[in-house]
Amino acid sequence: MESPAAGQTAPLIHVAIVEDDLGFRRALTEAIEGAQDIRLAGIAGTRAEGLKLLQGAPTDVLLVDLGLPDGSGIDVIKAAVQQWTSCSVMVATNFGDETHVIRSIEAGASGYLLKDSSPAKIVDEIRNLASGGSPISPIIARQVLARFRQIGVGGASPPIAPDETPQLLSAREKEVLELITKGFTANEIARLMSLSPFTVRSFVRRIYSKLNVTSKAEAIYEARNQGILDG
């Protein structure tokens with residue numbers, strides 16, 4: 001999307017969303033509807049609905065979650081690249097592992113955001129993407145750069161000093177888990193960390209995904225077992 005000339009109004013950015021998380025979708029929809037230069041053109045909640053959405057008129061930007069109830073959002077990305085050739089695709093997901101990132105980029109995604117980004121931040125990144133940028137969450141950018149550094153030295157992983165071992169959980173995720181361990185609820189953690197409850201729940205989902213668990217008790221046990229938490 002080209003920048004408007006002086007005195008001209010920026011053209012509307014038409015956006016479609018493929019997202020099954022009702023809370024995240026509602027927050028994102030409200031943020032988009034509050035932006036004068038962005039118009040929500042379509043919403044889908046499953047892989048099948050996402051593929052059906054692509055039968056309609058193309059949008060400028062397509063936001064896609066990867067963990068859909070009936071399949072992977074990567075299938076929607078591949079189809080969008082074929083059917084909406086002028087559309088820019090951005091992933092918005094809880095998955096921050098290298099496999100999902102690389103598969104999404106290879107499928108045709110031009111941006112990759114984790115859901116701990118605020119809806120307002122995502123709206124800004126929609127403008128960035130529509131203007132030709134490639135928004136990527138900082139932790140994802142670090143992974144991509146690390147991968148290319150490895151390729152640059154012949155595919156061999158560089159030696160890692162003991163004190164440079166990558167941490168499974170980020171500092172903020174560990175802080176959330178420590179508060180969970182102390183018995184605080186999501187709303188209480190949100191107040192203590194000056195975050196929205198939605199953001200805290202995103203942190204919790206990412207913690208569960210990284211530890212491969214499905215409950216608070218399992219997360220606490222696994223974190224202690226791996227030495228992430230003391231005791």
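Numbers for residues simply follow the sequence, beginning at 1. Values in this document were obtained by computation on a predicted structure and should not be read as measured data.
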Shared ILVMFWY cluster between L177 and L192, side chains joined below 4.5 angstrom?
yes

With no hydrogens and no angle check, is any side-chain donor or acceptor of E222 less than 3.5 Å from a backbone partner on E218?
no

Min side-chain heavy-atom separation L12-H14 under 4.5 Å:
yes

Contacts table for residues 62-79: side-chain donor-acceptor under 3.5 angstrom, sequence neighbours left out:
{"unit_1": "D65", "atom_1": "OD2", "unit_2": "K115", "atom_2": "NZ", "d": "3.1"}
{"unit_1": "D70", "atom_1": "OD1", "unit_2": "R47", "atom_2": "N", "d": "2.6"}
{"unit_1": "D70", "atom_1": "OD2", "unit_2": "R47", "atom_2": "N", "d": "3.4"}
{"unit_1": "D70", "atom_1": "OD2", "unit_2": "A48", "atom_2": "N", "d": "3.0"}
{"unit_1": "S72", "atom_1": "OG", "unit_2": "I74", "atom_2": "N", "d": "3.0"}
{"unit_1": "D75", "atom_1": "OD2", "unit_2": "R47", "atom_2": "NE", "d": "2.8"}

Apply ring-ring contact (aromatic ring centres under 6.0 Å, His included) to F95 and list each qualifying residue two or more places apart in sequence or on a separate chain.
H100

In chain order, what residues pass the side chain to side chain donor-acceptor pair (under 3.5 Å) check against E178, with sequence neighbours excluded?
none

Please check this pair: side chain of E19 against backbone of D21, looking for a donor-acceptor N/O pair closer than 3.5 Å.
yes

Evaluate the side-chain proximity of I126 to M90: yes if any heavy-atom separation is below 4.5 Å, no if none is.
yes

Look only at the side chain of S88 and the backbone of V61, and say whether a donor-acceptor pair between them is shorter than 3.5 Å.
no

Test: salt bridge (charged side-chain N to carboxylate O under 4.0 Å, His left out). Region: residues 120-129. Which pairs qualify, not counting sequence neighbours?
D37-R127, K121-E125, D124-R127

Tell me the ring-ring contact (aromatic ring centres under 6.0 Å, His included) pairs involving residues 57-88, sequence neighbours left out?
none

Which pairs with one or both residues in residues 110-142 pass ring-ring contact (aromatic ring centres under 6.0 Å, His included), sequence neighbours excluded?
none

